[in-house]
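These numbers come from a predicted model, not from an experiment. Sequential numbering from 1 along the given sequence is applied to the chain's residues.
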Amino acid sequence: MERIDKIVEAAQFRLKRIKCAAMEGLVEEGNDVIDEVEKGPVCDAALIAAAQKVEHYEIASYGTLCTFAKQLGETQALTLLKETLAEEKATDEKLSMLALQQTNAEAARAGKAK
């Protein structure tokens with residue numbers, strides 16, 4: 001948010017903050033997992049999947065903003081947006097590694113045990 005605020009301030013934009021229905025739905029989906037899936041490895045795997053959906057949405061959003069900034073010649077904005085995009089991609093990669101190296105196998109074993 002701080003980077004977005006810097007971009008808005010530097011460009012002297014006036015933004016109206018609006019609620020993102022898509023992101024709200026993704027967060028709600030994660031909350032549903034917490035409420036409906038028994039705690040344990042299967043729930044953990046489902047929560048990682050839900051978190052990755054959020055990350056993928058953010059990656060798509062920041063990628064689009066980077067393209068807009070580049071096309072508009074907004075180099076300062078592009079630099080800030082690329083930083084955020086890189087962070088979102090790194091978070092997604094960490095979630096993937098967690099899922100692949102540990103959580104998904106545990107969830108599979110728990111599912112077979114039932």
Side-chain angles (χ1 to χ4, degrees):
M1 286 306 299
E2 289 178 24
R3 289 186 188 126
I4 295 290
D5 289 340
K6 284 182 185 178
I7 292 167
V8 168
E9 187 177 304
Q12 298 179 337
F13 291 135
R14 291 190 58 133
L15 288 184
K16 178 182 176 186
R17 303 231 186 241
I18 57 172
K19 192 182 296 186
C20 178
M23 184 62 79
E24 195 172 73
L26 292 172
V27 170
E28 185 176 322
E29 185 177 323
N31 286 331
D32 288 346
V33 168
I34 292 168
D35 292 340
E36 297 174 17
V37 179
E38 182 180 334
K39 305 299 179 241
V42 173
C43 183
D44 294 343
L47 285 173
I48 290 171
Q52 284 195 283
K53 288 179 183 181
V54 169
E55 290 305 319
H56 293 176
Y57 186 83
E58 290 176 327
I59 289 167
S61 298
Y62 282 107
T64 299
L65 289 172
C66 284
T67 299
F68 291 159
K70 184 176 181 179
Q71 290 175 336
L72 294 170
E74 295 288 342
T75 55
Q76 181 183 5
L78 180 58
T79 299
L80 293 171
L81 291 166
K82 281 183 174 181
E83 285 179 40
T84 303
L85 179 59
E87 290 171 358
E88 299 299 343
K89 287 180 177 181
T91 300
D92 181 54
E93 185 63 31
K94 288 175 188 173
L95 288 167
S96 289
M97 298 214 3
L98 178 63
L100 291 171
Q101 292 177 355
Q102 181 179 351
T103 308
N104 288 354
E106 291 173 1
R109 283 192 297 277
K112 286 181 181 178
K114 288 189 175 190

For Ala69 versus Leu81, what's the shortest heavy-atom pair and its separation? CB-CD1, 4.0 Å

With sequence neighbours left out, what residues match Leu85 under side-chain contact (heavy atoms from CB on, under 4.5 Å)? Ile59, Tyr62, Cys66, Lys89

Among residues at least two apart in sequence or on other chains, which ones pass salt bridge (charged side-chain N to carboxylate O under 4.0 Å, His left out) with Glu93? none

Can you pull the salt bridge (Lys or Arg N to Asp or Glu O under 4.0 Å) pairs that have at least one residue in residues 76-86, sequence neighbours excluded? Arg3-Glu83

Suppose we screen for salt bridge (charged side-chain N to carboxylate O under 4.0 Å, His left out). Which residues come up paired with Lys39, at least two apart in sequence or across chains? none

Look at the side-chain heavy atoms of Ile, Leu, Val, Met, Phe, Trp and Tyr, link any pair under 4.5 Å apart, and say whether Leu65 and Val8 land in one connected group. yes

Under the side-chain contact (heavy atoms from CB on, under 4.5 Å) test, which residues partner Ala107, sequence neighbours left out? Pro41, Val42, Ala45

Pairs satisfying salt bridge (Lys or Arg N to Asp or Glu O under 4.0 Å), at least one member in residues 56-74, at least two apart: none

Is there a chain of hydrophobic side chains (I, L, V, M, F, W, Y, each step under 4.5 Å between heavy atoms) that links Ile34 to Val37? yes

Holding to side-chain contact (heavy atoms from CB on, under 4.5 Å), I want the full list of residues that pass it with Gln101, two or more places apart in sequence or in another chain. Met97

Donor-acceptor contacts, no H, no angles, side chain residues 19-27, under 3.5 Å, sequence neighbours left out:
none

Write out all pairs satisfying side chain to side chain donor-acceptor pair (under 3.5 Å) with one or both partners inside residues 27-36, taking only residues at least two apart or from two chains. Glu29-Lys53

Find the distance between CD (Glu87) and CD (Glu55) and round it off to the nearest 0.5 Å. 10.5 Å

Supply the atom-to-atom distance Leu47 CG to Thr103 OG1, rounded to the nearest 0.5 angstrom. 10.0 Å

Taking transitive links into account, so neighbours of neighbours count too, which hydrophobic residues share a cluster with Met1 at under 4.5 Å side-chain distance? none

Does Ile7 reach the side chain of Gln76, with side-chain heavy atoms less than 4.5 Å apart? no

My understanding is that only residues two or more places apart in sequence, or in another chain, count here; which of them pass salt bridge (charged side-chain N to carboxylate O under 4.0 Å, His left out) with Asp5? Arg17

Taking the hydrophobic residues Ile, Leu, Val, Met, Phe, Trp and Tyr, and joining any pair whose side-chain heavy atoms are under 4.5 Å apart, which ones share a cluster with Leu95? Ile48, Leu98

Can you see which heavy atom on Glu38 is nearest to which on Cys43, and at what distance? O-CB, 3.2 Å

